[in-house]
Amino acid sequence: MSIIDEIKNSFKNGSIVTRLIYINIGVFLLIRLVQLIIVLGGNPANNIRPFVSFFMVPAYFPNLLLKPWSLVTYMFTHYDFIHLLFNILYIFWFGRIFIEIIGSRLLLRVYFLGGLSGALLYLISFNMLPAFKNIYGYSEMLGASAAAIAILFTIARVTPDYKIRLLFFGPVKLKYIALIALILDLISISNMSNTGGHIAHIGGAIFGLIFGKLLIEKKIKYPSKNNQWFNFSQKSKMKIVYSRPLTDMEYNTIKKERQNEIDRILDKIKESGYESLTKEEKNSLFKASKS
């Protein structure tokens with residue numbers, strides 16, 4: 001296969017983490033390609049600003065009304081390579097842990113809603129706090145940081161004692177990584193260099209903590225393969241359901257699926273230990289031991 005075919009195949013068959021990384025890289029390359037065309041046409045490189053601004057979320061509400069799509073596009077947009085690199089590393093590291101602990105079907109929801117929460121806190125802060133009254137009219141924000149932080153704080157809330165091995169530090173629990181990230185953002189706000197970004201990070205962190213708490217309390221169930229974003233748990237009236245007996249083929253299929261799930265849980269214990277299991281996985285393992 002050609003390189004293009006390999007990329008297409010990787011995007012099509014890869015995980016949601018792979019796809020998010022590809023989209024972020026793709027938007028970055030598009031911006032840089034447009035800038036190259038601008039420069040080759042004899043124009044200054046900073047003429048790319050209006051093009052990048054098309055994807056950035058503005059703090060000024062009248063400007064936001066003119067480009068509401070920016071609430072979504074901003075979280076896939078980067079101009080600086082280092083900014084892009086750190087964000088895709090965050091998505092890669094914590095996205096894989098998210099899939100391992102919680103599953104893949106909620107990751108995209110956390111990414112989008114975490115990014116929207118970051119944008120919301122950015123908008124509220126810049127429009128209401130006196131410190132930003134002189135800059136909110138032309139301030140704009142871009143980057144996947146708030147969405148990536150939401151992923152980190154969700155898994156840190158669900159499994160705070162999950163350990164990650166860091167260079168020079170050894171095993172470090174997720175709750176400490178999240179706490180350090182939050183402290184760094186809080187103390188960086190006063191620098192006024194990337195204030196909007198740090199505020200957005202806090203918005204993503206708040207969403208992750210809330211979402212993780214809802215998962216622990218089972219107020220959000222893992223969604224089935226449909227178009228619903230979430231399956232909210234709720235009490236319902238008792239009803240009687242009449243069903244036919246299972247055929248041998250149906251029974252064997254269900255039995256195989258259950259065994260595959262148990263094998264996955266055992267592999268997870270082998271890699272990360274019993275404490276890395278979610279409550280649902282522990283219940284599944286307990287039920288299997290009784291049957």
Side-chain angles (χ1 to χ4, degrees), residues 1-33 55 69 71-118 142-156 158-159 162 164-167 174 177-178 181 200-201 204-205 207-208 211-212 215 222-230 260-261 263-265 267-268 270-272 276 278 281:
M1 291 191 299
S2 67
I3 295 178
I4 300 298
D5 290 334
E6 289 181 357
I7 293 175
K8 288 181 179 178
N9 186 61
S10 177
F11 183 87
K12 180 180 179 180
N13 300 316
S15 68
I16 186 61
V17 170
T18 301
R19 294 174 185 175
L20 287 172
I21 290 174
Y22 275 5
I23 293 172
N24 277 280
I25 294 175
V27 175
F28 172 78
L29 293 177
L30 174 63
I31 290 172
R32 287 302 187 171
L33 178 60
F55 301 96
W69 60 83
L71 287 169
V72 174
T73 57
Y74 97 92
M75 65 183 79
F76 295 97
T77 306
H78 301 81
Y79 179 75
D80 296 319
F81 174 74
I82 297 300
H83 189 199
L84 169 71
L85 178 62
F86 276 98
N87 280 341
I88 61 176
L89 286 175
Y90 255 66
I91 295 170
F92 177 73
W93 289 330
F94 301 119
R96 291 178 62 185
I97 299 173
F98 187 103
I99 291 176
E100 177 187 345
I101 295 174
I102 300 175
S104 61
R105 294 180 203 159
L106 285 176
L107 180 59
L108 187 60
R109 282 74 161 173
V110 171
Y111 185 95
F112 274 110
L113 295 179
L116 289 174
S117 298
L142 77 169
S145 304
I149 289 291
I151 295 173
L152 165 61
F153 274 78
T154 299
I155 55 176
V158 173
T159 55
Y162 185 99
I164 297 179
R165 185 171 295 277
L166 298 180
L167 186 64
L174 269 177
I177 295 176
H201 296 176
F207 170 80
F211 191 83
L215 282 174
Y222 191 75
S224 58
K225 291 183 178 179
N226 52 36
N227 294 325
Q228 294 180 0
W229 276 61
F230 306 113
N260 289 340
E261 176 64 9
D263 291 341
R264 183 190 68 79
I265 294 174
D267 289 339
K268 183 175 178 181
K270 187 183 299 182
E271 293 178 3
S272 307
S276 67
T278 64
E281 289 172 335

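Because the structure is a prediction, the values reported are computed rather than measured.
- Considering all non-hydrogen atoms of both residues, A150 and G114 come closest at CB-CA, 3.5 Å.
- Every residue two or more places apart in sequence or in another chain was checked for a side chain to side chain donor-acceptor pair (under 3.5 Å) with T73, and none qualifies.
- Other residues, nucleotides and ligands contribute over 12 non-hydrogen atoms within 6.0 Å of the OH atom of Y79.
- Of the possible polar contacts, none joining the H78 side chain to the L85 backbone as a donor-acceptor pair under 3.5 Å is found.
- I164 places none of its side-chain heavy atoms less than 4.5 Å from the side chain of W93.
- In this structure, I151 and L107 have side chains that are in contact, with non-hydrogen atoms separated by less than 4.5 Å.
- Of all non-hydrogen atoms in H201 and S145, the two that sit nearest each other are NE2-CB, 2.8 Å.
- Scanning both residues, A148 and I91, for their nearest heavy atoms gives CB-CG1, 4.1 Å.
- Here the straight-line distance linking atom CG of L29 with atom CZ of R32 works out to 10.0 Å at 0.5 Å rounding.
- The main-chain N or O of I155 is found under 3.5 Å from a side-chain atom of T159 such that the two form a donor-acceptor pair.
- Taking the six-membered ring wherever Trp is involved, the centroid distance between the rings of Y162 and F94 does not fall below 6.0 Å.
- Among all heavy-atom pairs drawn from L71 and L116, the shortest one is O-CD2, 3.6 Å.
- When every heavy atom of A178 is checked against every heavy atom of F153, the shortest pair comes out as O-CZ, 3.1 Å.
- With sequence neighbours left out, the side chain to side chain donor-acceptor pair (under 3.5 Å) criterion links D267 to no other residue.
- Residues G115 and Y74 come closest through the heavy atom pair O-OH, 2.5 Å.
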Audit row: F28, F81, side-chain contact (heavy atoms from CB on, under 4.5 Å) steps and yes/no: CA-CA 8 Å; F28 172 78; F81 174 74; 4.0 Å; yes
Worked verdict on L106 versus L215 for side-chain contact (heavy atoms from CB on, under 4.5 Å): CA-CA 11 Å; L106 285 176; L215 282 174; 3.8 Å; yes
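- For R264, the salt bridge (Lys or Arg N to Asp or Glu O under 4.0 Å) test picks out E261, E281, with sequence neighbours left out.
- Taken to the nearest 0.5 Å, the CG atom of L84 stands 10.5 Å off from the OG1 atom of T77.
- Distance check, rounded to the nearest 0.5 Å: CG of N24 to NE2 of H83 gives 9.5 Å.
- Taking the side chain as every heavy atom from C-beta outward, L113 and F207 approach each other to under 4.5 Å.
- Going from atom CG of D5 over to atom OG of S10 covers 12.5 Å, rounded to the nearest 0.5 Å.
- Ring-plane geometry between F11 and Y22 is classed as parallel, the angle between the planes falling under 30 degrees on a 0 to 90 degree scale with a further cut at 60.
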Test side-chain contact (heavy atoms from CB on, under 4.5 Å) applied to M75 and Y111, step by step: CA-CA 9 Å; M75 65 183 79; Y111 185 95; 3.9 Å; yes
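- Under the side chain to side chain contact (heavy atoms under 4.5 Å, CB included) test applied with F92, the options I97, I21, T18, N87 reduce to a single match, I21.
- For the atom pair CG of L20 and CD1 of I25, the computed distance is 11.0 Å after rounding to the nearest 0.5 Å.
- Note: I16 CD1 to R109 CZ = 9.0 Å, rounded to the nearest 0.5 Å.
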